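Working notes for the structure below.
Order of listing sets the numbers, starting from 1, for every ligand and every atom in it. What you are looking at is a predicted structure, and each value in this text was computed from that prediction instead of being measured.
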Amino acid sequence: MPVTSGVHGFVPFPPQRAAQYSAAGYWSGRTVDSLLRQAAGTWPDRIAVVDPLTSHTYSELDELADRAGAGFARMGIAPGERVLLQLPNSCRFAIALFGLLRAGAIPVMCLPGHRLAELTHFAKVSDAVALVTVDKAGGFDYRSMAKQLVAAHPRLRHVVVDGDAGPFTSWSNLPEGDPPPVVVDSRSPALLLVSGGTTGTPKLIPRTHDDYVYNATASAELCRLTEDDVYLVSLPAAHNFPLACPGILGAISAGAQIVFNADPSPEAAFATIDRHRVTVTALVPALAKLWAQACEWEPVTPKTLRLLQVGGSKLEPEEARQVRSALTPGLQQVFGMAEGLLNFTRLDDAVELLEHTQGRPLSPADELRIVDAAGERVAPGEEGELLVRGPYTFNGYFCAERDNERCFDPDGFYRSGDLVRQRDDGYLVVTGRVKDVICRCGETISAGDLEEQLLSHPAIWSAAAVPLPDPYLGEKICAAVVFAGPPMTLAELNGYLDQRGVATHARPDVLVAMPSLPTTPIGKIDKKAIVRQLCEDARA
Ligand code: OOB
């Protein structure tokens, strides 16, 4: 495996493509932390970050990042070393992120919802030497998890805690001093993102300074962010979407104000939007739907949003319509992945595009291939797996040689596992996941297709089609459903699907009504957890 810039386990861009991206101006040679330095120079006195407890101007944030960077370096964190970063949405998150970057460390962007199993895996794979975390948040004590993590991974030399540190180093006791001089190659990894897949343990995705700066600044330009915008961080800040699409980094590149909100409930979020006159935010479909519905009962509803980005999983056309009418006509669908490629609907797009597509690629240099199971290109407009390479799509998971052989084609295209159709106008419609199928009695049923049918029923609020083991059928089709009102019976549901022309063998064998569907730390429906829960219930 090719290794450059001294970071073992990192697969760099092939030199020829790297040279092209630099020559064409996609890569600017800037580092991620230079975005903050530049903003502090241009807008020193403008408010950069706000949370319920505090706020900082751009020059203050820049100085706090320098101080944190000096502290991390003096603690003994060396350039190129990996550090797990797990903080709730707060100004501290931004300070810690930029502090680590200024020390030349490579933050591993953990979400607050990750627990011991995931953190241990991230620590091992990244060979992390430190953890930056919080004392308690959302009713969870992160210090006791840190204790178990240190026991499982003794290479973790330092634990820095924001708040009451217990046995660990308190953030307020970070050593003081001048920031160290650190020279960073812009083609080296800036940070490691966590993959968002709902199958298997998450993998680590190195994003280089060049590619991530482009990711954030090109997204900011597409969304026309300016210093008059106020960006609300509603999703966990360490996720690629609120971090850099355009998110926090894009907002910084434009001198916009960033408001951190740790509570995405409509009540709390609507009050924050009102108070800070928030203009832009990003949500997953489940939250967007909840916010739209909450407009019916919340006394304060969003009035200032000019752009509401929704992505992370499929937003159905009817849901898009509801979101636009309740929250803002400025809906933007975003189909992205931590691995790189981003697709956006554009600000001036026709309503049909906003409601029925997941956008088109961000960059003219994004190269897409849509292929069938044999790896051959499908005919235009046909469904196939999306493969991609480009100026901000990664070239290999961190320290995962075996996965990488499987996940890339011989030309260096990443196999996304997403099924899409590309329309004549270049816009993508996401239709499902390659492996998200139910194999029932020799037939392969697409879970995505069935879910689309289920969600078309007004009594169904959310739905997942999952396989359950069956001695006769191999797998049977289970519809896990949250009803909007009184539940339907399986017979009623199947009568409805029959009317819509769904084949007998593709209709649910089992219907399970649930109060809510389990989700991943970012809020996507977690099918593995549904199957686990149903199998446990069956055994009990
Ligand atoms: C975003 O990133 P990840 O890494 O958490 O998840 C990526 C996967 C995609 O491969 C796709 O399967 C799914 O999430 N996805 C969508 C979608 N956006 C993401 N599926 C259907 N419709 C969409 N709009 O989820 C992410 C990263 C950056 C921006 C937005 C989302």
> For Arg433, is the nearest heavy atom under 4.0 Å from an atom of ligand 1?
Replying inline: yes
> Hey, does Gly311 come in under 3.5 Å of ligand 1, counting only N/O atoms on both sides?
Replying inline: no
> Given the side-chain rings of His356 and Tyr427, with only the six-membered ring counted for Trp, is the space between their centroids under 6.0 Å?
Replying inline: no
> Between Val334 and ligand 1, is there a nitrogen or oxygen pair with a distance under 3.5 Å?
Replying inline: yes
>> Can a donor-acceptor pair be found, under 3.5 Å and without considering hydrogens, that links the side chain of Glu383 to the backbone of Arg421?
In response: no
> Taking the non-hydrogen atoms of Gln309, is any one of them nearer than 4.0 angstrom to ligand 1?
Replying inline: no
> Between Gln358 and ligand 1, is there a nitrogen or oxygen pair with a distance under 3.5 Å?
Replying inline: no
>> Only heavy atoms of Asn240, strictly under 4.0 Å: list the atoms of ligand 1 that pass.
In response: 27 (C), 28 (C)
>> Below 3.5 Å, N or O to N or O, backbone or side chain included: is there any such pair between Leu315 and ligand 1?
In response: no
>> For Thr345, is there any backbone N or O sitting under 3.5 Å from a side-chain donor or acceptor partner on Gln332?
In response: yes
> Picking from Thr281, Leu327, Leu315, what satisfies side chain to side chain contact (heavy atoms under 4.5 Å, CB included) with Val310?
Replying inline: Leu315
> Who's closest to atom 6 (O) of ligand 1 heavy-atom-wise, of Lys524, Lys314, Glu316?
Replying inline: Lys524
> Salt-bridged, Asp409 to Arg369, with N to O below 4.0 Å?
Replying inline: yes
> Does Glu367 come within less than 4.0 Å of Arg389, counting only side-chain N to carboxylate O?
Replying inline: yes
>> Please compare Ser313, Ser195, Ser219 and report which has the shortest non-hydrogen distance to atom 22 (N) of ligand 1.
In response: Ser313
> Is there a heavy atom in Ile522 that sits closer than 4.0 Å to ligand 1?
Replying inline: no
> What class does the angle between the rings of Tyr414 and Tyr397 fall in, given that below 30° is parallel, 30 to 60° is tilted and above 60° is perpendicular?
Replying inline: perpendicular
> Between Arg406 and Asp403, is the closest basic N to carboxylate O distance under 4.0 Å?
Replying inline: yes
>> Within the 4.0 Å heavy-atom shell around Ala338, which atoms of ligand 1 are there?
In response: 2 (O), 3 (P), 4 (O)
> Do ligand 1 and His239 have nitrogen or oxygen atoms that lie under 3.5 Å from each other?
Replying inline: yes
> Does the Glu118 side chain pair with the main chain of Arg115, one donor and one acceptor, at a distance under 3.5 Å?
Replying inline: yes
> Is the closest heavy-atom distance from Ser416 to ligand 1 below 4.0 Å?
Replying inline: no
